[in-house]
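Take a look at the structure set out below.
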Amino acid sequence: MPKNTETTDRHVVLGLFNPATFLPPVLEHIRSQGIPDLLMEILSPLPLETSLLNKPVRIPLHRLTIIGGIVGIGVGIFFAAGTALLFPLVTGGKPIVSIPVVGIISYETMMLMAIVVTFLATAIKIAFVQQSGLRNDPRIDEGSVGLSIQVGNDTAKAHTISQLLQEAGAFEVEIRTIASDS
Amino acid sequence: MTDRPTVWEEMPKINRDLLSPLQTTTWTYYLWVGVLSCFVAAGAGAWTYQIQTGIGQTDLHHPIFWGSYIASFVFWIGVSHSGTFISGVLRLTNAEWRRPVTRMAELMTVVALLVTTLFVFYHLGRVWRFYYLIPYPNQRELWPNFRSPLMWDATAIFTYATASTIYIYLPLIPDFALARDRIQGWRKTVYGWLAIGWHGSQAQWRTLEMAIRIITPLIVMVMISVHSIVGFDFSMALVPAWHSTIFAPYFVVGAVHSGLGMVVIGLYTLRRVYRLHEYVRTEHFEKLGKLLLVTTLLLAYMYFAEQLTVWYGQVPDHMAVQNSLLYGAYAVPFWFMVSCIYIIPLVTLVWPRFRQWPVGLMMIGLIINLGMYIERMLIIVPPLARPRLSFQWDEYFPSLIEFAILVGTLALALLLYSLAVKFVPVISIWEEKLGKKHAQEH
Amino acid sequence: MNLYRRTLLKILGLTAAGSSLPGCEREVHNLVPYLLPDDNIVPGVANWYTSTCQECEAGCGTIVRVMEGRAKKIEGNPKHPVNEGKLCARGQAALQGLYNPDRLQGPLRREGKRGQGQFRPITWEEGLAEWVEQLRTHAGKSAMITRPVSGTLASLLTTLMDSLSGRLVMYESTGEQTLRTANHLSFGTHDLPYYDLANADYLLSFGAPFLEHWLSPVSFGVAYGKFRQGRPLVRGRFIQVEPRLSLTASNADQWIPLRPGTEGLLAIGIGQVLLRDGLTELSSFHRTSFHQTFSAFSLEDISTKTEVSEEMITQLAHELTSANAPLILGGGPAAAQTNGTTTLILINALNVMIGAIGRRGGLQWMEPQISPVDLARPGLASELTLMDLAGEFEQGSRTLLHLYRADPLFTLPPSLKFERVFDHAQFIVSFSSFLDDSTSMADLILPDHDPLESWGDVVQQDTIPVPAWSVSQPVVRALYDTRPIGDVWLDAAHRLGEPLRERVPWNTLHDMLKSRWQTVLTKHDSPQSFETRWRETLQEGGLWPSNIPMRQTNTVIPSITYKPPEFLGNSSEYPLYCYPYPSLGLHDGRGANRPWLQELPDPLTTGMWGSWIELNPTTAKALGIHPGDRVRVTSGYGSIEASVMVFPGLHPDMIAIPMGQGHRAYGRYAKGRGVNPMVLLGPSFDGQSGSLATGGTRVRVERIKGGSRLPMLEESGKNPVIGRIQETGGL
Amino acid sequence: MSQDPQATEEYSKTAASPYKWEMVVDLDRCSGCEACVVACHAENNIRISGEEEAAEGRAINWIRIERYWEGDYPNVKAKFLPVMCQHCDDAPCEPVCPVYASYHTPEGLNAQVYNRCIGVRYCGNNCPYVARQFNWFDPHWDEPLAEQLNPDVSVRSGGVMEKCTFCVQRIRSGKEAAHKEGRRVRDGEITPACVQSCPTSALIFGDRNDPDSRVSHLKKSRRGFHLMESLGTHPAVTYLRRLSE
């Protein structure tokens, strides 16, 4: 039993539940212990329709997509119109800058940029929400739901919470400690 | 809910089943890969020879400047439409049954696109100067000519290739994570990178789903534009029987037609090889059969509209082409093609019982693709072979070198696909689980 | 500055087609060989030199573009009266004779048996020594067969041959001997008239292929242009009568096919109508003589024999008389029959009837002029003359044979057994530049320069309005260790010593040439020195005195009795007439070693690089033969095999075969390619002119195994009809 | 040539050129003698294809005489149509080239830039006159035939599209000559090889902008027509109909 000493380490408590038994009451019980939703995170092998935790998830993806698209149109116009003007050559009586061509090219580049930007944003988002030591547990994919709770550097609190989770019906609880200087 | 095992209880089994192709490999697989590699090598040799000696190794000659390479180019782009259509359109329409099919279809898309680009290079007279096609600042200050439909094509295909790679990657992230935790060795690290730290938190799930929701409609639009532009390559030209407004939509539908056929083949084979009968069930074949029936009718309708217009118009230039198809030099392949892509699918697929017969559907898939390949040839060659100056009328049939390259490339496509199967779960695991969940809830 | 550089880069990026970069990276293009040690050679700057085309006997004036000592292009000499700056395909292809990869590069001595074609290079000294030795041993027994030469060389050879009491035979397979004889019998002169096509307004041609190879094709081409569109209001009307639709016939407003060999009969029919309807004024002498000639047959008899309707015959007669300046030509297939001369005389008679003699737009003769080389071309030999020569060799009265640019073994039918000459000749010397079928039988080969490398002159005294005395000069230094035939003969003459030496005192043909031109150029008394006049002449390309008076010719046409053509082989066994025609590019075969001409599509069949048999579609159908099928053509004298081209413009009872292919030697492009139709022909002659009746042999055709696609420009090979073009306004 | 300001202008679209080149083909004069074909081969270093390639339909001709049959024996007619690049003002072959290998000069020439061409062959498909010819292999001349090659014209390598240029090298040198003397090019001063050789003068070449040039007059002829006028390619080659009853 470690003493209640001042360390800079942070603790994360992960409890594994059987999906059948993991129900909103459980969360209620934990909330009642004064743990805000912000510190909680639910890990699941597939997306859960109802968001059990009421914490806002704001992702500005749509806006990024639109911005990407607009940039793409610019690129398209440069290719179809700009390069033609840079070195104007008459070909077959077609105008140097042909509107339909500009349309087609910028449509494609618009799509390209929109999709690429959206993807990058998504990837970055996915890759960097995992701060605060949340880690995957293979057993979750085997058909269970994980509830992870972030605790500050208070070791004692970590233990109480793990108790709490066990009462709530977690068939397994583990406390992870992340060295802050790592 | 208690008598039947819930999806949660099935999960270990699902994981095991769907990851098994990645874990266990039989000697037949190695044999298969070995054979394919030989064919690929032969094709590569043929291409090298063609580059060394000259593009004259084909049977092309004026006025028939385009032939089997361009036809194959069009064909393979068509195949690439399978994935996007299945996973894209069906996702948009929330067709639950799509789930086991999407991943293997998307794989086809990516492989097909890789192959497609190859044909552009086969076709070039001076392939070592291909970089003239790339828009980059150079000392000549000369950029590619974007007024050329071929440049529209290049742009569209680049977009499409990038998009579909992204589109297959996103839903793969959770599965990569799954594999990362279950497979050891060098692959573990690779999966590790590819999973970009996925751990299934609700935030990640939501981000992922939102991204997919945004990209799906976009990629469907790209898909339609791509093959429309391939159609433009021809309809922008003055060539009789190319210069037609229906080409763009016609090409798109044709692409989906052959694409679906290809999916059926893949679906059947994979289910057979990896015993996925639990996941790929008859209903899937039946659904695909229905889709095929629809595309058959749609395509036949468009083709008829096109030919009827020509026939009734009786414009000599166009008639020359049509006659050569109906009862001229190209009559045999033409009628063969017609029966392959219209008649046979129609008379078979209308029977519900037939649609529930996987083997039959697989065979229809084969026939349709054979037919569509010939159809691509017949779209390109006869119009070129019947120029307005009848003095220049001529015929064309691919040379041995061409055949070697075509077969080699087909082998390459199969090879890439077979290798991919060993690295990527051919059925999207989490989507499958989700599907089962929905099924149980309602 | 930077801007300028940029524009330069743009140009490099965008060098338009045919920019001045020497695009091909062959090292020969980097080094500049100063073949002509000449101050005015500037690299990259072209010089033009005048010369005279020697591909056929028309003697067109040419200018040759020379850069860095290499001949680049031959064009017509704009100042030359014969071709007025134009030149035909064959003339332009002369370059590929000069730069032909199979040219003989030095004197050769036979090794092994004669005809095995094994030769060993020797020095000129050895060669000349041996030849002179042979000339001594075979004194008085030598003969020379040469393609027609003219001017100084001609006079040199004649002088030498008769002082050696040898026999000089100038032979040209398309020498129009029949025409010359017919004209001699009709007008009492050996000179051919000038057919003033340009000023005629109606042309009736009995098969004369004047747009292909007849007499002077280029000058006729120039005239034809004027005949059609040269005059503001007049467009000449042109009717061609012949059993095969030749290139010339396809230009006619109307082509009238008739049964082969009956052209004379048709002429009689037309003349009959002219006389009957009193459409002609004639001297009483002619009136009587013509009347019996032209009333020998009834019109319908003629019509059935010729297969030309009576209406047509009458119409032709009336058209002839309604025209202002009608002109009638005869040649080609009409002359290629056993009754050729008679036919052409009858045609001359028609010309007399329509008053075309001496008329503008008719037949004209100029007063004979004193040419710089004091003699016109010596008479050409007919095939019968060659037979006579062969006889001399058989008897042993001739033992030493010289060949110069003549290939009798190829151009003569084997049935004439001309190889006798080569069997009996004890020694054969050839001066040809190529190892053709005859030269490969030679014992000693002393190759001549190419015409573009040598001095020479050509005298054109007939078939043109003014005489043309053209010179040709070396435009490039000799490529190989060859010597001009003139110099070689002079050398030999000097070695033989007196009396030859003082008869031909010159050391080179060039000296001889100049000395002869000196007499002329100084005769036209002018202040400048000879040298300046000579230089001017060279710049002009020759000398052509203008305003030559017309000669009055008196027609001496006797009363003619028409005799029908005779054919070898009976019609039951050999149902078809056979007509071998000189091909547009290869002519009688001399062009077969020029790739340009091999690849030049025959304008009507569009065939290239080979031989074919032309069949009328109905005949082909009857025989169950399809285009591209392989057939065997058999006559009583030989048989050939080739693939068929169905040819809509051909008399159903006739097959036609292009000449020029089927060489046994003659270089990589010609050897073993196609077939030589001469193989089929039998010894059938036109008695009066003694020339071979090439149309006088019957054949049969049978389909045999196999069949190959002959190279054709017309890729469909389906004889397309005009579709779209008519829609856009027709041709 | 690159230093010649005129030549440099030629490539900038903005510079309006004083010349517009035009060819007239008088079908009533053309006898089909094919002197033009050999002249073109000699002038423009056109490769010798040889029997095999010719049989494959790959023989290269920048100008060819097309022969069309009409009717059946005995009333059969053969009509000749010389076809070369029509140098269309609205050339279908130009815009489809993805690398600007085919473009339009201010003088109305349809220029083909060999060193830019990568052999996509779209232009070949899109030329209604089948005027464009392709080098399926590298060219070859048996020595010493190559001695004859014209240094003013680049030899085309394999994999490159080529076609009639109206003998642009002759046009350029003609213009330079005129430029030195500070005058316009005279009518008939510049003749492409085919025009120069044509015995019957069926081919006429000149400047459309010069109202007194022969081509300007002949263009107005009632016999005049363009090949496939309905396609709206506006060719720079005018044909004069062959007259026949």
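In this text, all values refer to a predicted model and were calculated from it rather than measured experimentally. Each chain gets a letter, A, B and so on, in the order the sequences are listed, and its residues count up from 1.
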Inset, instruction - Please report the closest heavy-atom contact between A/Ser44 and B/Trp205, naming both atoms and the distance. - result: O-NE1, 2.9 Å

Legend entry - Distance (rounded to the nearest 0.5 Å) between B/Ile196 CD1 and A/Lys125 NZ: 12.5 Å

Legend entry - Check: A/Leu86 main-chain N/O paired with B/Trp143 side-chain donor or acceptor under 3.5 Å: no

Legend entry - Within-4.5 Å side-chain heavy-atom neighbours: B/Phe158 and A/Leu112: yes

Inset, instruction - Report the option among B/Met221, B/Met151, B/Arg147, B/Lys433 that has the most heavy-atom pairs separated by less than 4.5 Å from atoms of chain A. - result: B/Arg147

Inset, instruction - Could you look at B/Tyr169 and say if it's the side chain, the backbone, both or neither that has a heavy atom under 4.5 Å from chain A? - result: side chain

Legend entry - Close side-chain approach of A/Met40 to B/Gln202, heavy-atom, < 4.5 Å: no

Legend entry - Residue pair B/His199 / A/Leu43, side-chain heavy-atom distance below 4.5 Å: yes

Legend entry - B/Ser225 versus chain A, the contacting section by heavy-atom distance below 4.5 Å: both

Inset, instruction - Using non-hydrogen atoms and a 4.5 Å limit, figure out which bit of B/Ile14 sits close to chain A: side chain, backbone, both or neither. - result: neither

Inset, instruction - Check each atom of A/Ala123 against the heavy atoms of chain B and say whether the ones under 4.5 Å are side chain, backbone, both or neither. - result: both

Legend entry - Distance, nearest 0.5 Å, that separates CE of A/Met110 from OG1 of B/Thr159: 10.0 Å

Legend entry - From CA spacing to verdict: ring-ring contact (aromatic ring centres under 6.0 Å, His included), B/Trp152, A/Tyr107: CA-CA 10 Å; B/Trp152 314 348; A/Tyr107 173 88; over 10 Å; no

Inset, instruction - Under 4.5 Å heavy-atom distance to chain B, tell me which part of A/Pro100 shows up: side chain, backbone, both or neither. - result: neither

Legend entry - Member of B/Lys437, B/Arg206, B/Glu209 meeting the side-chain contact (heavy atoms from CB on, under 4.5 Å) criterion with A/Pro47: B/Glu209

Inset, instruction - Please examine the side chains of A/Thr122 and B/Ile214, heavy atoms only from C-beta on, and report whether any two atoms are closer than 4.5 Å. - result: no

Legend entry - Nearest non-hydrogen partners of B/Trp8 and A/Ser144, listed with the distance: CE3-N, 4.3 Å

Inset, instruction - Identify which part of B/Pro174 has an atom lying under 4.5 Å from any heavy atom of chain A, answering side chain, backbone, both or neither. - result: neither

Legend entry - Residue part contacting chain B, namely of A/Ile104, when any heavy atom lies under 4.5 Å: side chain

Legend entry - Toward chain A, the part of B/Ile229 with a non-hydrogen atom under 4.5 Å: side chain

Inset, instruction - Name the orientation class of the two ring planes belonging to B/Phe146 and A/Phe79 (parallel below 30°, tilted from 30 to 60°, perpendicular beyond 60°). - result: parallel

Inset, instruction - Find the distance between CG (A/Asp141) and CG (B/Leu178) and round it off to the nearest 0.5 Å. - result: 4.5 Å

Legend entry - Test item: A/Ile115 and B/Thr162 side chains (from C-beta on) under 4.5 Å apart, heavy atoms: no

Inset, instruction - Could you tell me which portion of A/Thr91 (side chain, backbone, both or neither) has an atom closer than 4.5 angstrom to a non-hydrogen atom of chain B? - result: both

Inset, instruction - Pick one of side chain, backbone, both or neither for A/Val97, based on which atoms fall under 4.5 Å of a heavy atom in chain B. - result: neither

Legend entry - Region of B/Arg213 that comes under 4.5 Å of a non-hydrogen atom in chain A: neither

Inset, instruction - Start with the C-alpha gap between B/Met11 and A/Leu46, add the side-chain angles, then the distance that decides, and say whether side-chain contact (heavy atoms from CB on, under 4.5 Å) holds. - result: CA-CA 11 Å; B/Met11 279 188 185; A/Leu46 37 72; 3.6 Å; yes

Legend entry - Heavy-atom pair of closest approach, residues A/Thr83 and B/Pro144: OG1-O, 4.5 Å

Legend entry - Region of A/Thr65 that comes under 4.5 Å of a non-hydrogen atom in chain B: side chain

Inset, instruction - Please determine, among B/Leu170, B/Thr155, B/Leu434, the option with the most heavy-atom pairs under 4.5 Å with chain A. - result: B/Leu434

Legend entry - Minimum heavy-atom distance A/Ile126-B/Ile173, with the two atoms named: CD1-CD1, 4.1 Å

